[in-house]
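Scroll down for the structure; my scribbles are underneath it.
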Amino acid sequence: MHSVLGAIRAALAVAWGLLALWPVPCAGDPLVELEGRTMGTGYSVLVCAEAGLPPRADLARGVEAILARIDAELSTWRDDSELARFNAARSTGWISVSPETAAVAVAALSVSRRTGGAFDPTVAPLVELWGFGRRPSLAEPDPEALARTRARVGYAALTAREVPPALRKARADLELDLSAIAKGRAVDALAEFLADQGARHFLVEIGGELRARSGRPDGRPWRVAVEAPEEDGAEPRAWAVLALADAALATSGDYRRTLEQDGVLRSHILDPRVGEPVGHDLASASVVADTAMQADALATALLVLGSRAGLRLAEEEGWAVLLIERRDGRLVEHTSTAFDRLTRIDRPPLARAGG
Ligand code: AMP
Ligand code: MG
């Protein structure tokens with residue numbers, strides 16, 4: 001029996017627990033907490049309800065409406081999403097899409113170029129072939145099917161423009177999967193909404209991708225945790241705790257979302273350059289960036305690149321990354337120079353590697 005294990009809730013399962021131990025963070029104002037489900041995972045919003053902010057019910061409605069809109073645009077799981085319609089289309093002319101979808105595609109292509117195709121939004125047919133699509137399966141694809149599918153994948157065959165918003169396929173059978181960036185985009189959209197409502201202090205999270213606006217009103221930062229990569233079922237444990245203000249944190253990991261059968265584990269993240277699930281020892285990649293969309297896409301890309309190439313690129317590009325690798329039965333971390341400049345509150349119990 002295979003099973004699709006639960007979604008990654010990388011940071012917040014732990015961070016919420018830690019937050020709960022600390023004094024109420026809103027310095028006298030009520031702390032509004034909103035929670036729900038979206039994109040196959042959970043979301044949570046913590047916002048300090050300062051004077052002038054709309055009532056809780058209005059905020060909740062606004063949040064739900066934004067999430068519903070983004071799901072209707074970017075979901076790979078619905079036949080009626082804008083993305084599904086684009087995928088089903090067999091035209092090689094410009095296809096009009098919402099401004100949101102166009103912006104996400106433009107950002108995805110930019111990360112594809114900067115990572116040499118480690119991140120690739122056209123990976124959809126490979127996701128399906130390797131059993132991570134709608135019909136989960138662990139059957140090895142036969143070499144011919146793999147070759148045919150690989151020919152359909154490659155970000156160079158996708159063009160995206162924002163004005164007017166449209167996408168174009170160079171191959172009629174090109175299909176997109178934006179799951180590796182959509183949660184981050186949705187977090188940013190919620191952050192923009194809350195800021196528009198006048199909120200100045202908040203923390204937004206979807207499935208472990210999160211973004212903070214300023215610190216807490218008492219001048220202290222939000223504290224967020226990067227979960228230690230453990231096997232599914234284990235209690236979440238913080239590997240690193242960071243002080244986050246006006247920044248986003250995203251994590252990609254192999255430890256919570258794999259297909260498993262008879263001891264065979266298969267990563268849900270594929271290396272589009274070779275057409276196969278990633279098979280190295282990198283257990284998780286976390287990125288701190290200005291936007292959650294950027295952090296989300298980069299975290300996925302780094303998981304494909306692996307520790308060595310990932311760290312080298314992060315240094316070249318100035319990205320703040322924390323990579324956790326399995327080595328000889330232990331977990332070992334690597335951080336980039338930009339990550340080392342962040343305020344880190346934890347004292348990791350396990351060994352740190354250089355670099
Ligand atoms: P994330 O959890 O953000 O790392 O996103 C992982 C999801 O993105 C997978 O479940 C696939 O749907 C999709 N995906 C897998 N491999 C890639 C890749 N190399 N580039 C972009 N998206 C990918
Ligand atoms: Mg991602």
Side-chain angles (χ1 to χ4, degrees), residues 4-11 39-42 74-78 81 83-84 87 104-105 107-136 149-150 153-156 158 174-188 205-211 227 229 248-259 266-280 282-289 291-306 309-310 319 321 323:
V4 180
L5 304 179
I8 303 169
R9 303 253 320 169
M39 298 178 167
T41 182
L74 301 181
S75 174
T76 343
W77 301 95
R78 302 169 45 159
S81 70
L83 198 73
N87 285 347
V104 172
L109 283 174
S110 148
V111 173
S112 296
R113 284 189 284 268
R114 284 164 82 188
T115 60
F119 184 91
D120 194 328
T122 72
V123 77
L126 278 173
V127 172
E128 196 66 46
L129 183 74
W130 282 98
F132 285 98
R134 297 179 186 214
R135 291 177 305 278
T149 306
R150 285 189 65 189
V153 172
Y155 67 93
L158 175 69
L174 198 76
E175 296 191 17
L176 305 188
D177 178 339
L178 294 171
S179 310
I181 188 170
K183 284 200 299 271
R185 176 56 208 145
V187 167
D188 290 335
E205 174 261 346
I206 302 178
E209 324 294 23
L210 61 100
R211 180 161 164 180
E227 194 182 308
L249 166 69
T251 297
S252 269
D254 258 6
Y255 48 102
R256 287 284 169 91
R257 192 144 22 107
T258 47
L259 284 174
R266 185 181 289 165
S267 166
H268 72 292
I269 296 180
L270 301 165
D271 185 340
R273 303 165 303 176
V274 296
E276 290 172 14
V278 293
H280 47 60
L282 189 52
S284 89
S286 299
V287 179
V288 175
T291 67
M293 177 162 74
Q294 183 74 0
D296 191 358
L298 293 183
T300 305
L302 287 161
L303 208 81
V304 175
L305 289 167
W319 297 333
V321 312
L323 308 178

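Positions are given from 1 along the sequence. Note that ligands are numbered from 1 as they come in the structure, with each ligand's atoms numbered from 1 the same way. All values below come from the heavy atoms of this structure, side chains included, with hydrogens, waters and symmetry mates left out.
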Any idea which atoms of ligand 1 are less than 4.0 Å away from a heavy-atom of Asp296? 3 (O)

Main-chain N/O of Leu270 paired to Glu276 side chain as donor or acceptor, under 3.5 Å: no

Please examine the side chains of Arg150 and Leu126, heavy atoms only from C-beta on, and report whether any two atoms are closer than 4.5 Å. yes

Residue Phe119 vicinity, atoms of ligand 1 by number, heavy atom under 4.0 Å: 20 (N), 21 (C)

Is there at least one pair of N or O atoms, one from Lys183 and one from ligand 1, spaced under 3.5 Å apart? no

Closer than 4.0 angstrom: is that true for some heavy atom of Ala118 and an atom of ligand 1? yes

Quick check on contacts: which atoms of ligand 1 are under 4.0 angstrom from a heavy atom of Ser252? 1 (P), 3 (O), 4 (O)

As an exercise, identify every atom of ligand 1 less than 4.0 angstrom from a heavy atom of Ile269. 4 (O), 15 (C), 16 (N)

Which ligand 1 atoms, with their elements, are less than 4.0 angstrom from a heavy-atom of Val304? 19 (N)

Relative to the Mg ion (ligand 2), how many protein N, O or S atoms have a separation of less than 2.8 Å? 4

Does Trp319 reach the main-chain N or O of Ala289 with its side chain, forming a donor-acceptor pair under 3.5 Å? no

Given side chains that start at C-beta, do those of Arg273 and Val304 come closer than 4.5 Å, heavy atoms only? yes

Heavy-atom donor-acceptor pair, Asp271 side chain to Val278 backbone, under 3.5 Å: no

Looking at OH of Tyr155 and CG of Asp120, how far apart are the two atoms once the value is rounded to the nearest 0.5 Å? 7.5 Å

Side-chain contact test, heavy atoms from C-beta onward, threshold under 4.5 Å: evaluate it for Val287 versus Leu249 and give yes or no. no

Under 4.0 Å from a heavy atom of Val123: which atoms of ligand 1 are those, numbered in the order shown and with their elements? 14 (N), 17 (C), 22 (N), 23 (C)

Can you confirm whether Arg114 sits close enough to Phe119 that some side-chain heavy atom of one is under 4.5 Å from a side-chain heavy atom of the other? no

Is any side-chain heavy atom of Leu83 closer than 4.5 Å to one of Arg78? no

Please identify which atoms of ligand 1 are closer than 4.0 Å to at least one heavy atom of Pro272. 19 (N)

Candidate with minimal heavy-atom separation from atom 18 (C) of ligand 1, of Leu126, Leu270, Asp271: Leu270

Between the CE atom in Met39 and the OG1 atom in Thr76, the distance rounded to the nearest 0.5 Å is 9.0 Å

If we only count heavy atoms from C-beta on, is the Leu158 to Leu174 side-chain gap below 4.5 Å? yes

